[in-house]
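Right, one structure below, let's go through it.
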Amino acid sequence: MTDVARRPGDPPRAPRPHKQEQDPASEEILEVAPGVLRMQLPIWMPGLGHVNMYGLMDDRGLAVVDPGLPGPQSWKAMKSRLRAAGYRVRDVHTVIVTHSHPDHFGAAGRLKKEAGAQLVAHKAFTTWSLQRKGATLTEAEAERLEQQAIEEASHYRGPSLDELPSLDDHDHCALDEITTETQRQSVPWGGSTPWGGSKHPQPPLSRRMMIRAMRLLYAPPDPTRRVHHGSPVRLAGRDWLSIHTPGHTLDHLCLYDPEHGVLLSGDHVLPSITPHVSGSGQGDALRSYLATLDLVGALDGVQLGLPAHGHPFDDVPGRVEEIKDHHEERMERLRDVSLAVGPASVIDLSHELFPKKHWGVMAESETFAHLEHLRRAGEAERWDDDGVLVYRVAPPASA
Ligand SMILES: [Zn+2]
Ligand SMILES: [Zn+2]
């Protein structure tokens, strides 16, 4: 989502540059770091052509990171990639899920079931199947998790990895099955949104049918181990550090191998598209996103980023700066738009910021994240107009 709505008089738009994250899944298997294989699986999602499933080899077999979408087609592709790499499903002893998006957790539950694998995710990890069990994380607890990540990020100044805090099990919330009220509301197939005025809910019947179909399609990805910031995870014969990186989702997890400077960056840092920042259900998602971008950019000795989409990239700090610049520009644009149109809803502002083909929940939730960031910085105000949040960005104080 990097497009900006066109205005009369704007110069002609340059052709859209090709994005490597959109390439179809290759069958090639590459060892991208010592003991780390990249296997691409096809996905069917707007703007993305594949997901990278990483296989980390050790003497027990294989750990995999982000094993792709649910459903038989992706499962078949996964099995054939494993076979080509010399493994069977039952060789997979661990599945790591970087965050709660279906192209990452889809096959995790089935792998856990069929291979008897351990399933590792961040302690805030949640999906609709966990939500159905009824446990909830309050919005205040979600905010506390976010705040904690910001504090953890601010403690790390490099160059010593010992400075990464290791928080030994002082858990902040009930960890087994958690969700936030707003995450429940904004499930992908409909529901209301925290900013109000949603025009895309689906009728309850088709929503129920969708949930039933999902239950038939796949085994729920319930974690057997929930990690927190600083927890070591043993993969490919060495310890990787869990790094909590909320922003794209509240439960986003990166893993860092200090020995080789390798960062499994999930959707937190992508090589050529800007990850979506989800404003649903969190305090200041953009603030925690930016803080934890800085954290991964400053990791001692970081040399190689292994993203969930696209190719490995070697300048992690440089890519972090580009993504931060992008958000600065978006915020600048939002200030201009708000001053031009006056008080407006999130939906209306998102329509000013994004071209029509991108209108919808994703554009709205990112606009909401930017607005909440400005509001919490004292740069915007909001009020409730009959269930719809209305925002006004304050004009700069005149000199
Ligand atoms: Zn994602
Ligand atoms: Zn993704």
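Bear in mind that the values here come from a model prediction, so they are computed numbers and not experimental data. In each ligand, atom 1 is the first atom listed, and ligand 1 is the first ligand listed. Side-chain atoms are counted along with the backbone in the values below, which use heavy atoms only and exclude waters and symmetry mates.
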Discussion item. Looking at Asp91 and Arg88, is there a salt bridge between them, counting it only when a charged N and a carboxylate O are closer than 4.0 Å?
Written reply: yes
Fill in: His104 near the Zn ion (ligand 1): N/O/S under 2.8 Å
no
Worksheet item: Which N, O or S atom name in His99 marks its closest approach to the Zn ion (ligand 1)?
Response: NE2
Worksheet item: Is Asp384 atom CG crowded by more than 12 heavy atoms from other residues, nucleotides or ligands, each under 6.0 Å away?
Response: yes
Practice prompt. Look at the aromatic rings of His370 and His327 and report parallel, tilted or perpendicular, splitting at 30° and 60°.
Written response: tilted
Worksheet item: Heavy-atom distance under 4.5 Å between the side chains of Leu253 and Val227, does that happen here?
Response: yes
Practice prompt. Specify whether an N/O/S atom of His276 falls short of 2.8 Å from the Zn ion (ligand 1).
Written response: no
Practice prompt. To the nearest 10 degrees, calculate the angle at the Zn ion (ligand 2) involving NE2 of His309 and OD2 of Asp103.
Written response: 90°
Worksheet item: Strictly under 6.0 Å, is that where the ring centroids of Phe105 and His99 end up?
Response: no
Item to complete: Could you check which N/O/S atom of His101 is closest to the Zn ion (ligand 1)?
Response: ND1
Response to the item:
Which atom of Asp267 is nearest the Zn ion (ligand 2), counting N, O or S only? It is OD2
